[in-house]
*Asks:* 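Below is one structure. I have some questions about it.
Because the structure is a prediction, the values reported are computed rather than measured.
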Amino acid sequence: MVWRRKDLLGLRNLSAAEIEHILDTAVRLKTIFDRPIRKVPALRSKAVFTLFYEASTRTRSSFDTAAKMLSADTYAISPPTSSVTKGEGLMDTVLNLEAVGADAIIIRHSCAGAPELAAEAVGCSVLNAGDGMHEHPTQALLDMFTIRDKKGGFKGLKVVIIGDILHSRVAKSNVWGLCKCGAEVVLCGPPTLLPPELAAMGATIEYDLDRALEDADVINVLRLQVERQARGLFPTIEEYSYYYGVNMDRLQRAKPDALLMHPGPMNRGVEIRGDVADGERSVILEQVRNGVAVRMALLYLLLGGAEIAVD
C-alpha cells in the first residue's frame with residue numbers, strides 16, 4: 001500500500017486498510033529496539049517539532065524518542081516560554097515553524113479541531129497528539145497495536161472501554177478504529193459520563209460494569225478526570241470507584257486471557273486497583289513501548305522515510 005496522506009489528524013477518516021498499514025509498519029520498525037544501536041538514518045535531515053499547549057509525559061516523550069530513533073532532528077516548543085505568551089496565535093506559530101524548516105509539527109491543544117486548522121495552513125505534515133475532547137489518534141493506534149500483537153487481530157473481540165467516555169478523546173479514537181477493524185466495542189460508565197448518542201459511532205452502551213465485563217477480551221480503563229468533579233457529574237470519587245473501579249473480583253468476569261489496558265496517567269485506587277494494574281494481565285507498560293513504534297511508523301510514512309529503516 002502506498003501512503004498518500006500528508007497529515008494524521010484522527011481515525012474517523014482513516015480506512016481499515018490504512019490503519020492496518022500503519023500497524024504493519026510499526027511491527028517492522030519495532031525491531032529497531034532489538035538492535036545494538038537503536039537508531040537508523042531513515043529520517044536524517046528531517047526536522048520534527050512538538051508543540052504542546054497541554055501537559056504530557058508519555059505522548060511527548062514517545063514522539064521525541066520515535067523521531068530520534070529515526071535520526072530526525074527534534075525541537076520542543078513550550079508555549080509558556082514561547083511567543084504565545086506575547087499573544088501569538090496558533091496559525092502564526094505553525095507558519096513560523098514551517099518557515100524555519102519544520103517537516104512535521106506534532107500538536108496537542110485544548111481546542112478540538114486545532115490540528116486540522118494548522119494542517120490547512122501549512123504544507124508540512126501535522127500530527128494530532130490530542131485535541132480537546134475530539135480525538136487522540138496515536139494513543140488509539142498504540143492500543144490497537146498492543147491488542148493485535150497479543151490477540152492476532154480484531155474480528156470477534158469484545159473490547160470494553162470504561163470510565164469518563166464523555167470527555168475522553170482516547171475513547172473516541174479507539175471506537176472509530178476498533179469498529180472499523182471488526183471488534184465489538186462496549187462503552188461503560190455512569191450515565192452522566194456516557195451519553196447514549198455515542199452509540200452512533202458503532203459502540204454498545206452499557207451502564208452496569210459487571211455486565212459489561214462478561215466475556216471481555218480486552219479491558220481498557222480510562223483515567224477518571226478528577227478535575228471535573230466540581231461539575232457534579234458523579235456524587236463522590238469513592239462512589240465512582242465502588243461502581244466503576246476495576247478490581248480483582250471484577251476482573252474475573254472477563255475471559256481468563258483478557259488484556260488489561262490503561263492509557264495513563266493512572267489514579268490508582270480510583271478507576272483501577274494497584275494489584276490489577278501491576279498484575280499478570282496488565283499490558284500497560286507494553287502500551288508505552290508500543291507507542292514509540294507506532295509513532296515511528298507514522299513519522300516514517302508521513303515523511304517518506306528511507307527503506308534502510310526496515311531492512
*Asks:* Just by distance, do the side chain of Ser241 and the backbone of Glu238 share a donor-acceptor pair under 3.5 Å?
*Replies:* no
*Asks:* Assign the ring pair Phe49 / Tyr75 to parallel, tilted or perpendicular, where the plane angle (0 to 90°) is split at 30° and 60°.
*Replies:*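 Plane angle under 30°, so parallel.
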*Asks:* Do the side chains of Asp215 and Lys158 get close enough for a salt bridge, i.e. N-O under 4.0 angstrom?
*Replies:*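 Looking at Asp215 and Lys158, the cut-off is not met.
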*Asks:* Should His21 and Leu301 count as side-chain neighbours, where that means a heavy-atom distance under 4.5 Å?
*Replies:* yes
*Asks:* Output yes when a side-chain donor or acceptor of Asn220 lies under 3.5 Å from a complementary backbone atom of Ile161, and no otherwise.
*Replies:* no
*Asks:* Please tell me whether Val288 and Val221 are part of a single hydrophobic cluster in this structure, the criterion being side-chain heavy atoms less than 4.5 Å apart.
*Replies:* no
*Asks:* What are the two closest non-hydrogen atoms of Ala67 and Thr74, and how far apart are they?
*Replies:* CB-CG2, 3.4 Å
*Asks:* Please check if the side chain of Ser125 supplies one atom and the backbone of Lys6 the other of a donor-acceptor pair under 3.5 Å.
*Replies:*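 Yes; at least one donor-acceptor contact below 3.5 Å.
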*Asks:* Which is it for Ile272 and Ile162 under the side-chain contact (heavy atoms from CB on, under 4.5 Å) test, yes or no, and what are the steps along the way?
*Replies:* CA-CA 10 Å; Ile272 189 169; Ile162 306 164; over 6 Å; no
*Asks:* For the atom pair CD1 (Ile22) and OH (Tyr300), what is the distance rounded to the nearest 0.5 Å?
*Replies:* 14.0 Å
*Asks:* Taking Leu11's backbone N and O only, do any of them form a donor-acceptor pair with Lys180's side chain (distance below 3.5 Å, no angle check)?
*Replies:* yes
*Asks:* Going from OG1 on Thr59 to CD1 on Ile106, what distance comes out if it is rounded to the nearest 0.5 angstrom?
*Replies:* 10.0 Å
*Asks:* Would a single hydrophobic cluster contain both Met201 and Val170, if residues Ile, Leu, Val, Met, Phe, Trp and Tyr are joined by side-chain heavy-atom contacts under 4.5 Å?
*Replies:*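 Yes.
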*Asks:* For the NE2 atom of His134 and the OG atom of Ser110, what is their distance to the nearest 0.5 Å?
*Replies:* 14.5 Å
*Asks:* Give the cluster check for Val94 versus Val100: same hydrophobic cluster or not, with ILVMFWY residues linked at side-chain heavy-atom distances below 4.5 Å.
*Replies:* yes
*Asks:* Is the CG atom of Leu285 crowded by more than 12 outside heavy atoms at less than 6.0 Å?
*Replies:* no
*Asks:* Tell me, do Val276 and Arg250 make a side-chain contact under 4.5 Å, heavy atoms counted?
*Replies:*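 No; the side chains remain at least 4.5 Å from each other.
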*Asks:* Is the cationic atom of Arg108 (NZ for Lys, CZ for Arg) positioned less than 6.0 Å from the six-membered ring centroid of Phe52 and within 45 degrees of its normal?
*Replies:*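 No; the conditions do not both hold, so Arg108 does not lie above the ring face of Phe52.
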*Asks:* Any Lys/Arg nitrogen of Asp164 or Arg223 sitting under 4.0 Å from an Asp/Glu carboxylate oxygen of the other?
*Replies:* no
*Asks:* Could you tell me whether the side chain of Leu14 reaches within less than 4.5 Å of the side chain of Leu8, counting heavy atoms only?
*Replies:*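 A side-chain contact exists here, since the closest heavy-atom pair is under 4.5 Å.
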*Asks:* Between Glu271 (side chain) and Met266 (backbone), is there a donor-acceptor pair under 3.5 Å?
*Replies:* no
*Asks:* Hey, mind stepping through Met144 and Leu142 against side-chain contact (heavy atoms from CB on, under 4.5 Å) and telling me if it holds?
*Replies:* CA-CA 5 Å; Met144 294 180 69; Leu142 74 89; over 6 Å; no
*Asks:* Using every non-hydrogen atom in the two residues, find where Gly123 and Glu98 come nearest and quote the distance to one decimal.
*Replies:* N-OE2, 2.6 Å
*Asks:* Do the side chains of Arg60 and Thr57 get nearer than 4.5 Å, heavy atoms only?
*Replies:*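 Side-chain contact under 4.5 Å: no.
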*Asks:* Could you tell me if the side chain of Val48 sits less than 4.5 Å from the side chain of Leu70, heavy atoms only?
*Replies:*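 No. Closest side-chain heavy atoms not under 4.5 Å.
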*Asks:* Provide the full list of salt bridge (charged side-chain N to carboxylate O under 4.0 Å, His left out) pairs with a residue in residues 122-147, sequence neighbours left out, each pair given once.
*Replies:*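 Those involving residues 122-147 do not exist here.
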*Asks:* Report yes if the side chains of Thr25 and Met296 come closer than 4.5 Å at any heavy-atom pair, otherwise no.
*Replies:* no
*Asks:* Minimum heavy-atom separation for Ala102 and Cys124, please, with both atom names.
*Replies:*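 Heavy atoms only, the tightest pair is O-CB, 3.3 Å.
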*Asks:* Hey, any chance Ile237 and Tyr243 share a hydrophobic cluster, counting ILVMFWY side chains that come within less than 4.5 Å of each other, even indirectly?
*Replies:* yes
*Asks:* Please state whether the rings of His109 and Tyr53 are parallel, tilted or perpendicular, taking 30° and 60° as the class boundaries.
*Replies:*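 The arrangement is tilted - the two ring planes meet at 30° to 60°.
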*Asks:* What residue pairs, at least two apart or across chains, pass salt bridge (charged side-chain N to carboxylate O under 4.0 Å, His left out) with a residue in residues 8-25?
*Replies:*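 For residues 8-25: Arg5-Glu18, Glu20-Arg148, Asp24-Arg148.
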*Asks:* Check whether any side-chain N or O of Tyr244 sits under 3.5 Å from a backbone N or O of Glu239 as a donor-acceptor pair, and report yes or no.
*Replies:*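 The answer is no, because no donor-acceptor pair under 3.5 Å joins these two groups.
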*Asks:* Side chain of Asn267, backbone of Leu224: donor and acceptor closer than 3.5 Å?
*Replies:*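 Yes, Asn267 side chain to Leu224 backbone: donor-acceptor pair under 3.5 Å.
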*Asks:* Of the non-hydrogen atoms in Cys181 and Phe154, which two are nearest, and what is the gap between them?
*Replies:*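 Minimum heavy-atom separation between Cys181 and Phe154: O-CB, 3.4 Å.
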*Asks:* Which atom pair, heavy atoms only, marks the closest approach of Cys179 to Gly202?
*Replies:* SG-O, 3.6 Å
*Asks:* Test your reading of the model: is there a side-chain donor-acceptor pair from Lys172 to the backbone of Ile165, 3.5 Å cut-off?
*Replies:* yes
*Asks:* Going by heavy atoms in the side chains, are Leu259 and Asp217 under 4.5 Å from each other?
*Replies:* no
*Asks:* Between Asp278 and Arg268, is there a side-chain N and carboxylate O pair less than 4.0 Å apart?
*Replies:*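 Yes, Asp278 and Arg268 are salt-bridged.
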*Asks:* In Å and rounded to the nearest 0.5 Å, what is the OG1 to CD1 distance from Thr50 to Ile77?
*Replies:*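 Taking OG1 in Thr50 and CD1 in Ile77, the distance rounds to 7.0 Å.
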*Asks:* For Val40, is there any backbone N or O sitting under 3.5 Å from a side-chain donor or acceptor partner on Ser71?
*Replies:* yes
*Asks:* Just verifying a value: how many Å separate Met261 CE and Asn174 CG, rounded to the nearest 0.5 Å?
*Replies:*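 So the gap between those two atoms works out to 7.0 Å.
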*Asks:* Determine yes or no for a side-chain-to-main-chain donor-acceptor pair under 3.5 angstrom, with Glu206 supplying the side chain and Arg211 the backbone.
*Replies:* no
*Asks:* Would you say Ile32 ends up clustered with Phe63 if hydrophobic residues are merged whenever their side chains have heavy atoms under 4.5 Å apart, either directly or through other cluster members?
*Replies:* yes
*Asks:* Taking the side chain as every heavy atom from C-beta outward, state whether Leu198 and Val175 have any pair of such atoms under 4.5 Å apart.
*Replies:*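 No, every pair of side-chain atoms sits at 4.5 Å or beyond.
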*Asks:* Minimum heavy-atom separation for Ala277 and Ser282, please, with both atom names.
*Replies:*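 Result for this residue pair: O-OG, 2.7 Å.
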*Asks:* Could you grab the distance from atom CZ of Phe145 to atom NZ of Lys150, nearest 0.5 Å is fine?
*Replies:*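 Rounded to the nearest 0.5 Å, the CZ-NZ separation comes to 10.5 Å.
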*Asks:* Mind checking side-chain hydrogen bond (donor to acceptor under 3.5 Å, both in side chains) for Thr192 and listing every partner two or more places apart, or none if nothing turns up?
*Replies:*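 Checked Thr192 against side-chain hydrogen bond (donor to acceptor under 3.5 Å, both in side chains); zero matches.
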